[in-house]
Amino acid sequence: MYVWKCWRDSRSRFVTSVIALAALCVFLTYMEVRFGAGVTRGGPPQAVTHAWSSVTRVVLGGVASLFTLFLGLLMGVSGPGQEFKERTAEFLLVRPRPRRYWVWTGWSVGVLELSAMVLLTTATTFGTLAYLTGHVQTWRPLATAVPVALGGAVAYGLTYFMTVVARNDRQGLSYGFGILFIDLMLPAAASYYRNVNLPSVLGFMLNACKWVTGATPALPVGSLVLWTFIALALPFGAQLVLERAEV
Amino acid sequence: MLLHVNPASGVPTYLQIETQVKHYIAAGALTPGDALPSVRQLASDLRISTNTVARAYQDLERDGILRTIPGGRTYVAENPGSFLKAERVRRLRPYARQIAVEGTQLRLDPREIMQLVQQELDALEEEHERYGNLDRKAR
Amino acid sequence: MSDMAIWTEKLVKIYPDVRAVDGLNLNVPRGVVYGFLGRNGAGKSSTIRILLGLARATEGHGTVLGFPIGREQVAILERTAYVSESKTLYGNLTPRELVRFTRGFYPNWSEQAVRKYSQLLEIPMDRHFSKLSQGNRTKVCLLLALSQGADLLILDEPATGLDPVVLDEFLRILVQDVVSEGKTVFISSHQLSDVEQIADWVGLIDHGKLLLEARLDDIKSEFRFVTVAGNGLPQIQSSEVLLLASEGSFQKYLVKKDADAFAAQLSRQGATVAEVSPMSLREIFLALVRKEETCTSGNVGEIAEAVSLPLS
């Protein structure tokens, strides 16, 4: 029932996001393969290799990551937080379920949608790449779906948590965006000016995709664990907040 | 049988029902053996709580005026008030006292008070006849 | 306590600037219609929110249908149907979809009830909730509450926007299908005439405290206005008497018990008792809640305390 409602509320947003992201990535893949790497069907092997690598790093790792973060932020306004603004929280919270049910169910629906979006995008990009270069060089690009989806889940969870705290979807989105912005800028500045490495979700996504292409030898396990933990801590925080909330 | 209650009056609803039932019986509109509407039906028709109707029926049953078949309908008792005369007199005394007190309070003399009572008894007699005629015409 | 539908003991709710609920001891028996009355801001909504787990009591405790409030809230919510004062549901869903959303939560849900009541209450089932009038919104909320198969219905202003015909129909449904099944109905409302019609019990709340909690029939049997005329009315001490108004040589009392004895006593002491009259629920409500304003003699204390008459 609640799953159905969450889906109903978010399905148009979901469909638009999937189409937009997939279309964008396919387009960029095409541009990169044809003009960036200069590959024509079955073209020079070096170019093909280069194309595979650069598409994985730039399109999937870079563009898809950034857009997934952005879309994750936007999608996070669903769930019980916004119901306060719409005055339906009273109705919802009187249904016989513990409050954590609403938090986790809403979050799960969103994360599933996000993951589906990332998977579809990755698959279509992969397919486009394979098609344009004439063969499947490696299956590894598909693995980028994991870090990208995880990063997206973090952004999603951020807005989700903030919406529950602020009891307002617009404010939740603003706070979420603000925090993500800091997380993008601060580590970059710290790294550039002070050579200090601060954790950044986008940085994590880029590095993980780089590892997929084989550019970096070490799998960033630490980051993986950290960002998984954060991705789960955010809805848990939302649960704690909602359980103490008074309507 | 058409009952009517006025919830806004100061008289408790269950009492209003009891009074009306007693009146109908006294006037002959309800005769021994007649069925009364079920508690649920009457409550529903009057838009009042079933507890109120149940209480009225219970009181009347306790006074021997109504009789309920277990699990079934409520009927006007065959021998309404099959108590000893002494008992019946005892039951009426509080009402008599009330008339005496009220009448005196209103500065009416005993003769006028008795006249009033007689008038009411006559009116009841008339009603009895009317219902009796209706009955005869219906057959 | 567990044989009560709702029971609270010394319930307190403190907000930053006000004690909304101030030592409330509710006793709502099972199977009755309980009218919960009070002015705006008296603490009705705060109390209801605590019962439903939407807010937490600052002090005190209670049970609903035998389950402790707060600790077993989900069990309470499984068996309780609630119609809120705001009656706001999801605007982008139609009543039919709202039914679909709601029924999954309740094993005792009755689709038959949905069909029956949607027809009786004349609900447009396929119009988006945001486009419904206030009356229709109320009807949808009532529909959901009635179809839930709950043991307790908590209704906050259930008549909002209802025209007299629909309201009458709703009262009939309430009596026929809810009360007669032994379920409990807890109505919080300003519509005193509706409450008076259907309630068995009444609880009057003012400034977070219960001023009165009794069977409506008993209240009506016992409460009386006593209007008395006389000069030099002697001292009367009683916990059941409240001086309501004083004008010239007339005094008007609210007597909660044994009004005739009170009148007789005054009579013996030389006053003329002009009238001993019964009170409607509205009159009782106004008299109890407006006590400070109505009395012009300036000598009125708390409701439970004695009232003494001036010797002149």
Side-chain angles (χ1 to χ4, degrees), chain A residues 1-16 74-75 77-106 108-110 113 163-165 167-170 172 238-247, chain C residues 13-16 20 45-46 48-58 64 67 70-94 97-109 129-130 137 140-141 144-145 148-150 154 156:
Chain A
M1 315 86 8
Y2 188 56
V3 170
W4 168 75
K5 184 200 173 296
C6 288
W7 165 244
R8 264 216 55 163
D9 286 348
S10 61
R11 67 183 172 191
S12 48
R13 204 166 37 212
F14 168 69
V15 169
T16 319
L74 281 179
M75 288 164 83
V77 297
S78 57
Q82 71 181 75
E83 302 225 7
F84 285 91
K85 183 179 127 202
E86 287 166 25
R87 329 259 322 262
T88 52
E90 217 173 23
F91 174 72
L92 185 70
L93 296 179
V94 174
R95 302 308 113 192
R97 292 286 182 277
R99 294 208 181 167
R100 61 175 179 273
Y101 172 85
W102 309 116
V103 171
W104 288 98
T105 307
S108 304
V109 171
E113 289 177 357
T163 306
V164 170
V165 168
R167 300 196 187 189
N168 181 302
D169 49 355
R170 259 179 239 263
Q239 172 189 327
L240 295 175
V241 170
L242 192 66
E243 281 173 345
R244 278 144 195 74
E246 303 214 342
V247 183
Chain C
K13 178 65 181 171
I14 303 177
Y15 288 111
S45 301
S46 300
I48 291 176
R49 280 207 285 274
I50 293 173
L51 297 177
L52 292 166
L54 292 171
R56 253 186 320 276
T58 314
V64 175
F67 296 98
R71 287 212 311 273
E72 287 183 61
Q73 201 60 42
V74 175
I76 293 175
L77 296 177
E78 281 168 353
R79 296 161 177 75
T80 306
Y82 173 54
V83 173
S84 71
E85 194 179 354
S86 70
K87 301 179 186 59
T88 311
L89 300 180
Y90 301 118
N92 60 330
L93 298 182
T94 66
E97 289 168 333
L98 286 164
V99 164
R100 185 177 161 188
F101 173 79
T102 313
R103 73 178 174 218
F105 294 105
Y106 303 103
N108 290 338
W109 185 270
F129 190 82
S130 56
R137 291 184 188 201
V140 174
C141 293
L144 295 179
Q148 193 182 306
I154 297 183
D156 199 343

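Each chain gets a letter, A, B and so on, in the order its sequence line appears, and its residues count up from 1. Keep in mind it's a predicted model, so treat the numbers as computed, not measured.
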Taking everything shown except A/R170 itself, do over 12 heavy atoms lie less than 6.0 Å from its CZ?
-> no
Take atom CZ of A/R97 as the centre, draw a 6.0 Å sphere, and report whether it contains more than 12 heavy atoms from other residues, nucleotides or ligands.
-> yes
Answer with side chain, backbone, both or neither: which region of C/L93 has an atom nearer than 4.5 Å to a non-hydrogen atom of chain A?
-> side chain
Side chain / backbone / both / neither for C/T80 at chain A, heavy atoms under 4.5 Å | neither
Any side-chain heavy-atom pair from C/R56 and A/E246 closer than 4.5 angstrom?
-> yes
Would you kindly say whether A/E86 and C/Y90 are connected by a side-chain donor-acceptor distance under 3.5 Å?
-> no
Before accepting this row, confirm whether a basic side-chain N of the pair A/K5/C/E97 lies closer than 4.0 Å to the acidic partner's carboxylate O.
-> no
Verify the neighbour count for atom CZ of A/R87: are there more than 12 heavy atoms of other residues, nucleotides or ligands below 6.0 Å?
-> no
Of the listed C/Q148, C/K87, C/R100, C/R103, the one with the largest count of heavy-atom pairs under 4.5 Å with chain A is C/R100
Atom group of C/R49 that falls short of 4.5 Å from chain A, counting heavy atoms | side chain
What's the shortest heavy-atom distance between A/T88 and C/T88, and which atoms?
-> CG2-O, 3.9 Å
Structural part of A/R244 lying under 4.5 Å from a heavy atom of chain C | both
Interface residues of residues 89-96 of chain A facing chain C - non-hydrogen atoms under 4.5 Å apart | A/E90, A/F91, A/L92, A/L93, A/V94, A/R95, A/P96
Check: A/W7 ring centre within less than 6.0 Å of C/F101 ring centre | no
